[in-house]
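Data first, discussion second: the structure below is written as structure tokens.
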Number of protein chains: 2
Amino acid sequence: MRARRVTLRQVADELGVSAKTVSNAFNRPDQLSAALRDRVLATAHRLGYSGPDPLAAGLRRGRVGAIGVAYANGLSYAFDDPVAVALLAGVTSVAEAAGAGLLLVPGSADPRRSAAAVTGAVVDGLLVASLADDDPLLAAAIARRVPLAVVDQPGPDRLAELGAPGAPWVGIDDRAAMAAVTAHVLALGHRRLGVVAFGLTRDPVRGLVDGAAQAAATYAVSRDRLAGSRDAAAAAGVDWDGVPVSAGTDSTPGEGEAGAAAVLATTPRPTALLCLSDRLAEGALRAAARLGLRVPADLSVTGFDDAATAAGLGLTTVRQPTRRKGELAARALLAPAAGPAAPQLLPTELVPRATTGPPPALPG
Amino acid sequence: MRARRVTLRQVADELGVSAKTVSNAFNRPDQLSAALRDRVLATAHRLGYSGPDPLAAGLRRGRVGAIGVAYANGLSYAFDDPVAVALLAGVTSVAEAAGAGLLLVPGSADPRRSAAAVTGAVVDGLLVASLADDDPLLAAAIARRVPLAVVDQPGPDRLAELGAPGAPWVGIDDRAAMAAVTAHVLALGHRRLGVVAFGLTRDPVRGLVDGAAQAAATYAVSRDRLAGSRDAAAAAGVDWDGVPVSAGTDSTPGEGEAGAAAVLATTPRPTALLCLSDRLAEGALRAAARLGLRVPADLSVTGFDDAATAAGLGLTTVRQPTRRKGELAARALLAPAAGPAAPQLLPTELVPRATTGPPPALPG
DNA sequence: GCGGTGTTCTTCATCGTTGAAGAGGCAGGA
DNA sequence: TCCTGCCTCTTCAACGATGAAGAACACCGC
């Protein structure tokens, strides 16, 4: 008993007009007389026809009025991360203003399925964010040959290598930003640092990682931020090889707590913990509390992002314009984009708060 | 110089096979020999063909692998509201597990544009949430004749009126839940209540509203929650007509602050403020602070939702399974859904915290 | 040697719509 | 009167793909 779909043609036949006229009644009211248009709409309504099938219209027109967003981590994860949500909010506000929808492309633990989802997404353009240099999802997005915009990673140079030179890219100078917050901690007098990182490569490696592994990270953001810390350490005469760096997978408080615990278990114990995100830092604060360490008296902790939660925690961090990234990337996708686009590097700002202070006096 | 799109047919011709074979190489690997499949894929790659056009395939197949979500308020707003985000997270997790994408349908201040966006959304099903009884967007969604699921409002009875009886509906018993939190406050001894509400109708009415306006609300959730409060008041012998009720528009702290200020300006001043959402309550707490009122010593405040922020504020509230709503609605959309679906009423729970207490002793 | 069963690939029609181009009629100007 | 231009509406041919059905061939068992 399933009612068969009503088509444009049926409405046209019912009324004895051409299909194109019915089409025009819906899409180009100026192309037919008001009287006929009213009759067409009335007939359509009577037959239960609610307008041209978007799919068929999209095929014919070559546009569907939606852009896709693909994320390395699953979408479900994205909604739990305030930073990811802020990015989406930025994308959405621009897309919505332009009347475009936003298709969240489903992710999967299986990279092949993720890539297939990108290949099969019904969109006019794709926005990808936070992908590893070698993510198949990215290759799939490039192969689609629809307009592409990239946020954060991979960087412009890697995009060029992959055959997408000049694709709009929006991000920050992760290396400099991380160097700044590291320098801030060093300036307070700390000499024993520890770093809590999220993923370095698509295949998650947990635990402490050496300099070679750090430099080999395929997540550009991780690689650059670690390099930034090393820059600052070197400038202050701190031996980087002695700095424990813990790698994790996602940017979650749970990962942060575990990573911080691992770093704090090294001897001599670091007096400052540099976390690659505010959410990791949130976990690091929990780890510190669990160990009975006072922040910042016994231990300084820094984050990255200046997410909404950071102020409440009094977290020293680096502010980056996450929402704006989304806006700019969306704008780049929706605009006609004639030639190759120049990479857009947005400003960051060190935000010192209450979780950093001078290191404790020499331990007894 | 824009490269023309590569088609299935071109790959087929290049290789001297039928178009269908190329199609099968991508979609039904078991339908052709591995050797030929490899040759097809290689040729496709060489020509820069990344797979069948999702739009055309969707038209032919009659499915596109995405469900749409339409919201009364703009999407940009949705990302700012933790409750809306939780709902989306629920929807997404189920959709993603099923390999389906999520199309966020753009909203607009102009209801006609919003409705048009729904009509033109390229989706296999639609999920709508928090719509007024008379929202054109809802009418458009029903007219689409694709599977439809509704969260919260309008209620099942209204859906039946609109010609969509048996459409999957997920929500809570707003009336009973609000009665419960009101009864909690009354049990503490309060007799002078005030209510801070969000929108009652699509055309926003700001300020204090009388009983007639309350009952005429076209947002079922607002209507039912107010009715619930009135039920509890009546049961406790409190005259509802003497209870100031402020209506607003969105569920934001700003609206909450303004609404609370209006309610607290009435004489005699209420000793308890019932807010229809946690975000409104957040604003109410600000208003109280601004007036120098201690919570709960001078003023009790309640929320609704038990959003992530509620615990931190120590807010007495009603917990509702927002994320689960999204999951169930998505499941209903993605499952074949043979006959009419029974409305799914999820449980709620009163969560007493620190913002409610006995009323102050009689004022001097 | 023959019908039956699979595998592999092809043919054909069609999904529902809209751009491009065209045809008919009517008004206004030369 | 005739031409021009405008307003309406129509015709035609795609847009790019896939389901259903079928053809060609190989292999099997008896």
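Predicted, not measured: the structure shown is a model, and the values here were computed from it. Chain identifiers are assigned alphabetically (A, B, ...) following the order of the sequence lines, protein sequences preceding nucleic acid strands; residue numbering begins at 1 within each chain.
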Rounded distance in Å - CZ (B:Arg61) to P (C:dG16): 16 Å
Value rounded to 0.5 Å, distance of CZ in B:Arg323 from CG in A:Asp80: 5.5 Å
Check the interface with nucleotides 24-26 of chain C: list each N/O to N/O pair with the protein under 3.5 Å, or write none.
none

A:Phe26: ring pair (Phe, Tyr, Trp, His ring centres under 6.0 Å) partners, not counting sequence neighbours: A:Tyr49
Rounded interatomic separation in angstrom, taking CD from A:Gln10 and C1' from C:dT17: 14 Å
Earlier contact from the 5' end, DNA chain C, for B:Ala56 and B:Ala34: B:Ala34
N/O (side chain, B:Asn27) to phosphate O (OP1/OP2, D:dT18) under 4.0 Å: yes
Rounded distance (Å) that lies between atom C1' of C:dG6 and atom CG of B:Asp30: 13 Å
Short side-chain donor-acceptor distance under 3.5 Å, B:Thr43 and B:Glu14: no
Whole-Å distance separating the CG atom of A:Asp13 from the P atom of D:dT10: 11 Å
Side chain B:Thr322, main chain B:Leu87, donor-acceptor under 3.5 Å: no
Distance below 4.0 Å between A:Lys20 side-chain N/O and C:dG19 OP1 or OP2: yes
Sugar-phosphate, base or nothing in reach of B:Phe26, heavy atoms under 4.0 Å: nothing
More than 12 heavy atoms from other groups under 6.0 Å of CG on B:Asp203: no
Atom-pair distance (CG on A:Asn24; C1' on C:dT18), nearest Å: 9 Å
Touch class at under 4.0 angstrom, heavy-atom based, for B:Leu36 against every strand present: sugar-phosphate
Sugar-phosphate only, base, or nothing, as touched by A:Leu32 at under 4.0 Å among non-hydrogen atoms: sugar-phosphate
Distance test, side-chain N/O of B:Ser23 to OP1/OP2 of D:dT18, below 4.0 Å: yes
Nucleotide C:dC15, atom P - distance to CG of B:Leu55 in whole Å: 17 Å
Sugar-phosphate only, base, or nothing, as touched by A:Ser33 at under 4.0 Å among non-hydrogen atoms: sugar-phosphate
Spacing of B:Asp152 atom CG and B:Tyr219 atom OH [to the nearest 0.5 Å]: 12.5 Å
Rounded interatomic separation in angstrom, taking CG from B:Leu15 and C1' from C:dT10: 14 Å
Donor/acceptor link under 3.5 angstrom from A:Arg60 side chain onto base of D:dA14: yes
From A:Leu138 atom CG to A:Asp133 atom CG, the distance as rounded to the nearest 0.5 Å: 8.5 Å
